[in-house]
Amino acid sequence: QERTINVLLELDTPEDPIWHYLDSQYKFIIDLLKESYQEQLNKIQALKKSFPPFSNDTKEVAIRLKDAIKAINIRDYDSLIAGKDMDVQIWKATLDVVKSLSDLLLRCLPDFWKLSKSFMEGKFQKSPAILSANRRRRQAMDLRKVEQCQNMAKGVIDLYASLLSEFFSLPPLSGDHTSDRPTSSFIPVQSDSVTTCYFLTKILHGMRECVNDINSINMASDVSNALQILMEHTRWKFVEIICVAWNSDAKIFYSLEDWSLDQDNREITNFLRNFHIFHKYNSRSAYKIASLGYVSDDDDNKSSRISDAFLQKIKGAFLDSLYAYLDGLVHLVFSDYTPLESTENKEPTDMIQKILLTISNLSNLKQFMIPRIVSQFETAYKCSLSDDTQTLNDVINQLDGILFEDYLKRQTQKIRDIVVNGILSGDVDWYSISKPTEVHSFVYEALLSLVIVHAQVSDIAKPLVNRTLTALLENMARDCLEAFQKVEKFGMGGMLQATLEIEFMHQTLSQYVSKEAQETLQLIYTTIEQLYDTTQASGHLDSELSSVKQLLVE
């Protein structure tokens with residue numbers, strides 16, 4: 001091109017060949033960008049029409065989310081983008097929009113700018129032996145066209161930026177990137193957050209490479225300013241989209257629970273591991289996009305810092321999704337289990353198992369998972385979440401309390417019925433009963449109920465055994481106290497029998513006796529003593545109590 005222009009200059013053509021080339025090439029590039037953009041839009045529209053109408057069923061999103069989590073867990077990104085679902089196809093087409101415009105810009109602008117620079121620097125004005133009047137006129141005019149060359153290069157870049165701004169529903173290049181804009185229509189319906197994150201980071205990466213290549217040809221800063229603004233607006237928009245999708249998926253995440261047990265820890269479900277994968281991936285994707293280091297080749301440590309506006313936006317989504325996930329845990333327990341897909345477990349866990357597994361999940365969340373993901377967030381974003389962590393733990397404690405109380409209520413009622421009925425049914429005359437020779441059957445029934453609970457909890461969530469039996473013993477002691485307080489009087493035999501039975505319970509369950517239970521048991525002994533009819537005292541009370549102790553040992 002340079003040689004051709006030099007030949008035309010020597011031929012002393014009536015028109016300026018340099019300006020003719022730049023002007024026509026500028027129009028050619030502009031038309032090319034517009035045509036390519038429209039062609040890609042038409043492909044997306046045709047693609048949308050080829051799929052069935054959008055369904056409002058969140059189940060479809062949940063299935064895609066489940067598959068996406070499985071793919072990123074084993075880093076199988078090929079399977080993530082190999083699907084024929086509408087969202088993946090439209091994401092690929094969206095990627096093509098950016099790629100086609102970026103490829104055109106990189107193919108055309110560097111050569112255009114190189115020739116423009118040669119023109120502006122006078123490279124084509126090497127003086128021949130004789131300059132014609134036409135040449136002298138053109139030389140004077142060239143100086144006035146320097147600014148126009150810069151404006152044309154700026155016009156190409158501005159068009160590239162404005163087409164992508166239009167496509168991504170970004171604010172005008174002169175506007176604030178944090179201003180409110182309508183929801184982006186380019187986002188495929190029913191796209192899960194993990195797939196959304198994958199494609200948005202890929203799209204931004206493509207834009208970043210294009211912008212960095214354009215910046216490397218050293219145009220004036222005011223010429224390429226639109227690219228910097230475009231990247232700022234795009235990063236903010238993409239982080240907004242991720243945050244919305246992240247929170248939206250967290251609200252339906254409970255539907256991914258299939259009650260399958262974690263292979264490494266059989267006391268929790270895979271639900272926790274899947275949420276950790278989901279939460280970590282979305283958090284990292286938001287970090288990549290918000291970080292200047294991802295959109296710049298600058299290796300300076302400052303480039304990895306996150307601005308306060310980005311931090312607040314991402315932190316909000318990070319915490320909101322955790323709260324939505326916790327809400328889903330409780331919803332799971334008190335609703336019927338419906339498998340996402342027909343191939344999943346069709347025999348749902350019963351209510352008791354669901355409660356115990358969820359309590360165990362909450363315990364694991366509080367002790368391990370939340371501290372881990374909070375620490376990762378604090379390290380990456382260089383911030384503190386100590387107050388937020390305390391609030392999260394308070395919510396977990398509340399949920400844990402609700403579920404544990406519900407479980408206790410179900411178990412306590414059975415034991416209460418056994419104890420109260422055994423003490424107050426009338427089968428035992430506490431005043432006239434003879435001295436004890438054995439423990440009443442209701443005591444064995446109550447203890448056997450605890451044995452069954454012990455076996456059940458040990459099988460499902462062993463760490464909950466102590467907590468469960470301690471709480472049940474506290475409740476059983478209170479029930480015994482209330483029942484014995486309703487006995488009018490104890491004779492010698494009744495007093496000894498009641499003492500034997502309470503002591504039998506006490507010693508059998510000694511490892512689960514809390515301070516509260518100990519105080520209640522002491523109150524029972526006091527109550528029996530106060531209701532004992534001392535007129536029946538034989539004077540050999542010590543020996544009678546000794547025989548009860550021997551019977552207790554037996």
Hey, are N361 and T269 close enough side-chain-wise for a donor-acceptor pair under 3.5 Å? yes
Backbone of E438 reached by a side-chain donor or acceptor of Q497 within 3.5 Å: yes
Taking T201 for the side chain and S285 for the main chain, is one N or O donor matched with an acceptor at less than 3.5 Å? no
Can we call the ring centroids of Y444 and F504 under 6.0 Å apart? yes
Centroid separation Y323 to F318 less than 6.0 Å: no
Between the side chains of D388 and T391, is a donor N or O closer than 3.5 angstrom to an acceptor N or O? no
Please tell me whether H279 and S321 have a donor and an acceptor in their side chains that are separated by less than 3.5 angstrom. yes
Taking E267 for its side chain and L357 for its backbone only, find out whether a donor-acceptor pair lies under 3.5 Å. no
Distance-only, no hydrogens or angles: does the R235 side chain make a donor-acceptor pair with backbone N or O of A290 under 3.5 Å? yes
Salt-bridge present (D308, K315; N to O < 4.0 Å): no
Only pairs at least two apart or in different chains count here, so list each side chain to side chain donor-acceptor pair (under 3.5 Å) that has a residue in residues 40-49. Q38-N42
Distance-only criterion, 3.5 Å: show the donor-acceptor pairs between side-chain atoms of residues 414-423 and protein atoms not counting sequence neighbours.
unit_1, atom_1, unit_2, atom_2, d
R416, NH1, D479, OD1, 2.6
D417, OD1, Q413, NE2, 2.9

Pick from F377, F238, F310, Y381: which one makes a ring pair (Phe, Tyr, Trp, His ring centres under 6.0 Å) with Y287? Y381
Test side-chain contact (heavy atoms from CB on, under 4.5 Å) applied to Y407 and V333, L356, I402, the passing residue: L356
Between the side chains of T196 and S191, is a donor N or O closer than 3.5 angstrom to an acceptor N or O? yes
In Å and rounded to the nearest 0.5 Å, what is the CE to CG distance from M505 to L450? 8.5 Å
Testing I460, V457, I268 one by one against S360 for a side-chain contact (heavy atoms from CB on, under 4.5 Å), which residue passes? I268
Is a side-chain donor-acceptor pair under 3.5 Å present for E166 with Y37? yes
Can you check side chain to side chain donor-acceptor pair (under 3.5 Å) on T520 and E474, steps first, answer last? CA-CA 8 Å; T520 306; E474 287 171 356; over 6 Å; no
Side chain S255, main chain I252, donor-acceptor under 3.5 Å: yes
Charged N-O contact under 4.0 Å between D96 and K92: no
Only one of T358, I359, L329 forms a side-chain contact (heavy atoms from CB on, under 4.5 Å) with D400, so which one is it? I359
I'd like to know if the side chain of K66 pairs up with that of N274 as donor and acceptor (distance under 3.5 Å, no hydrogens or angles considered). no
Has D350 got a side-chain atom pairing as donor or acceptor with Q353's backbone, closer than 3.5 angstrom? yes
Any salt bridge between R273 and D264, counting N to O under 4.0 Å? yes
S50 side chain vs L47 backbone, donor-acceptor pair below 3.5 Å: yes
Would you check if the distance from the ring center of Y281 to the ring center of Y198 is below 6.0 Å? no
Lys/Arg N to Asp/Glu carboxylate O, E516 vs R478, below 4.0 Å: yes
